[in-house]
Engineer: 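Here you go, one structure.
Chain A is the first sequence line, chain B the second, and so forth, proteins listed ahead of strands; every chain is numbered from 1. The shown structure was predicted, so the numbers you read here are calculated from the model rather than taken from an experiment.
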Amino acid sequence: MTVDTKHIAKLAYLEFNEDEMLKMQKDMEDIIEMVSSLPDTENCPKIVNALQLRTDEQEKEAFDREEILLNAPQVCDGCIAVPKTVG
Amino acid sequence: MALYKKSAAELSEMLKKRECSSAEICRSIVERTQKIEGKIGAYITLCDDIMAQAERIDNRRAVGEELHPLAGIPIGLKDNISLKGVKNTCGSRILENYIPPYDAYVTQKLKKAGMIITGKLNMDEFAMGSSTENSYFKRTANPINTAYVPGGSSGGCTAAVMSGETIMALGSDTGGSVRQPSAFCGAVGFKPTYGRVSRYGLTAFASSLDQIGTVCRDVSDTALLMSLISGYDKMDMTSANRAYPGLLKNNKTEISGLRIGIPYEYFGDEISDKVKESVRSAIKLFESMGANVKNISLPSTKYAVNAYYIISSAEASSNLARYDGVRYGFRAAEYDSLSDMYLKSRSIGFGYEVKRRMMLGTFVLSCGYYDKYYKKAYNARNLIKRELLTAFEDCDIIITPTYPTSAFKFGAHRDNSLRLYSDDICTVPASLAGIPAISIPCGITKEGLPIGMQLMGKPFSEELLLSAAYAYEKNTGGFDYISEITMKGGQANDRT
């Protein structure tokens, strides 16, 4: 089957040069061909969650602002800096 | 015998009887690491406070404090398990400089027990791989023969434990990443039931499959470490709220009447003759010990690899969307706009295998393909789980090979990476079903490479599984912890 690798790359926020794109195109087609053999599940009406999730409230942990900012690539006035998005 | 060669249980006894100190154990580990790490390449980060940690524990013992049996024993962590203040790279450039501001749940448990954390161990990038060749930082060699891979993705863990660079390790197992490298290096690798060990602080790959597992030199050590890290945790939504009594307290070697299922589908043509022969000999030994062996069939096994790669890649594409160069991790140096910054940071920061899985995951979740791939894979997963649980009505455990082959050489699958996917056939069913599984050594090839056998049990049957593995180990006369490292293959870090 043909895969629109460029479109998928765009959705995944990834870019490839020409050589990488050719390789990825072939890999994707090979992998998708391989994983296509699956049982016909027409009679399975809906996905049943295979896992049991808890229903109670999950606890959260709070961290120091300073500590969190230590990992930020760029900090400006105590905030994480990103490129300008509005004019 | 050098201290680095001993098991945790042996060292624990020695510490209790004051026959050695934790500082002496750690010195032995540090010296061993200094000597061989250049050839093995197990660590991404070696802790610089190992001796200080050991001295603190020795001081506590000296004043008569009652300590946990694992207090003072060295342990390494896969580099996707958070240790506060120490880099957690996941083997990826995108997290090269990320320092977690908190300890994972399991790390908290180790620290509370007074274990000595030796460092962060190499892995395939984001745990995606079967050879540790996908690490951005270095390659890790198999300590039995350095021309061979240690397996993966927890290859740093198994290489460190089996070369004497640490005594035990915690890894993660999404589709076999603890069990397969354990088989390749002659270690005991255990993946517990989904929900038994909190994943708080484990970097997510595929959340419905990820479990933290143990890498040890024998079954007793596995039981000690599993007993320590099991437990309910409110920080993990999938943590199972139940009692976790200590494992393997009786050291029973009696397994008379144990019902063992041998599934036909795990002994197909893709499994090498030597692996089949070794596992079958091991099954004969179980039979001679009084077990009832029964042939069974699990026909949906043929869908397991496909379902696994679809589901795990779909979850990975979602989990790894968080790496965008904004809040932490790698940010590209040059970009035109915010969206270009995301694009460039991700494209430079991730390696090829991770990109390939994110692409596959994005595809199977994309418009028009969800029903054809993801939904079918999820239903196949349910079939596989149902089939396994039904099998456990007539069997106590199921025995299979851990992997179709023994360790392979570096670069062996460079041109056929799909083969690496399909070779996960023996380990992915337990992951999809969320059941516990252990890999234990059961033979050796003529090249001297270890072969692993997998024992699977029903959910939360860890005690039974470990008892069976322990009985087998004792009946074989015990596993060889650290064979002399041949180092035939040259330097581990000569990347090709």
Engineer: What parts of residues 17-26 of chain A touch chain B if we use heavy atoms and a cut-off under 4.5 Å?
Structural biologist: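 Answer by number: A/K23, A/M24.
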
Engineer: If you count heavy-atom pairs within less than 4.5 Å of chain A, which of B/Y342, B/Y373, B/Y421, B/Y352 leads?
Structural biologist: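 It is B/Y352.
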
Engineer: Sort B/Y323 into side chain, backbone, both or neither according to what part of it lies under 4.5 angstrom from a heavy atom of chain A.
Structural biologist: neither

Engineer: Just checking, any donor-acceptor pair under 3.5 angstrom between side chains of B/S347 and A/E15?
Structural biologist: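 Result is no, nothing qualifies.
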
Engineer: Hey, would you say the B/F205 and B/F126 ring centroids sit under 6.0 Å apart?
Structural biologist: no

Engineer: Testing the 3.5 Å rule here: is there a donor-acceptor pair between the side chains of B/Y194 and B/D210?
Structural biologist: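 No, no side-chain donor-acceptor contact under 3.5 Å.
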
Engineer: If we count only N and O atoms by modelled type, under 3.5 Å, do the side chains of B/S198 and B/D233 hold a donor and an acceptor together?
Structural biologist: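 Per modelled atom types, B/S198 and B/D233 side chains form a pair under 3.5 Å.
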
Engineer: Does the side chain of B/E265 come under 3.5 Å of the side chain of B/S297 through a donor N or O and an acceptor N or O?
Structural biologist: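 Yes, a side-chain donor-acceptor pair sits under 3.5 Å.
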
Engineer: Using a 4.5 angstrom heavy-atom cutoff, name the option from B/F330, B/Y102, B/Y328, B/F363 with the most pairs to chain A.
Structural biologist: B/F363

Engineer: Are any of the side-chain heavy atoms of B/S313 and B/M358 separated by less than 4.5 Å?
Structural biologist: no

Engineer: Can you list the residues that meet the salt bridge (Lys or Arg N to Asp or Glu O under 4.0 Å) rule with B/K458, with sequence neighbours excluded?
Structural biologist: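 Counting only residues at least two positions away or on another chain, B/K458 forms no salt bridge (Lys or Arg N to Asp or Glu O under 4.0 Å).
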
Engineer: Please classify the contact of A/I80 with chain B as side chain, backbone, both or neither, using a heavy-atom distance under 4.5 Å.
Structural biologist: side chain

Engineer: Residues of residues 303-311 of chain B under 4.5 Å from chain A (heavy atom pairs)?
Structural biologist: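 Near chain A, by residue number: B/Y303, B/V305, B/N306, B/A307, B/Y309, B/I310.
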
Engineer: Let me know if A/V75 has heavy atoms under 4.5 Å from chain B in its side chain, its backbone, both or neither.
Structural biologist: neither

Engineer: Between B/K120 and B/D79, is the closest basic N to carboxylate O distance under 4.0 Å?
Structural biologist: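 Yes, B/D79 and B/K120 are salt-bridged.
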
Engineer: Please look at B/S366 and chain A and tell me whether the side chain, the backbone, both or neither of the residue comes under 4.5 angstrom of a heavy atom of that chain.
Structural biologist: side chain

Engineer: In terms of side-chain heavy atoms, does B/E315 have a donor or acceptor partner in B/S208 at a distance below 3.5 Å?
Structural biologist: yes

Engineer: Taking only residues two or more places apart in sequence, or in another chain, which ones meet B/E353 in a salt bridge (Lys or Arg N to Asp or Glu O under 4.0 Å)?
Structural biologist: B/R356, B/R357

Engineer: Are a donor atom and an acceptor atom from the side chains of B/S345 and B/D324 found within less than 3.5 Å of each other?
Structural biologist: no

Engineer: Count the heavy-atom pairs under 4.5 Å between each of B/Y369, B/Y200, B/F350 and chain A, then report the option with the highest count.
Structural biologist: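 The residue among B/Y369, B/Y200, B/F350 with the greatest pair count is B/Y200.
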
Engineer: In terms of heavy-atom pairs under 4.5 Å with chain A, which of B/M359, B/R327, B/K355 leads?
Structural biologist: B/M359

Engineer: Give, as side chain, backbone, both or neither, the part of A/S37 having an atom under 4.5 angstrom from any heavy atom of chain B.
Structural biologist: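 Both backbone and side chain.
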
Engineer: At a heavy-atom separation under 4.5 Å, does B/S339 approach chain A through its side chain, its backbone, both, or neither?
Structural biologist: both

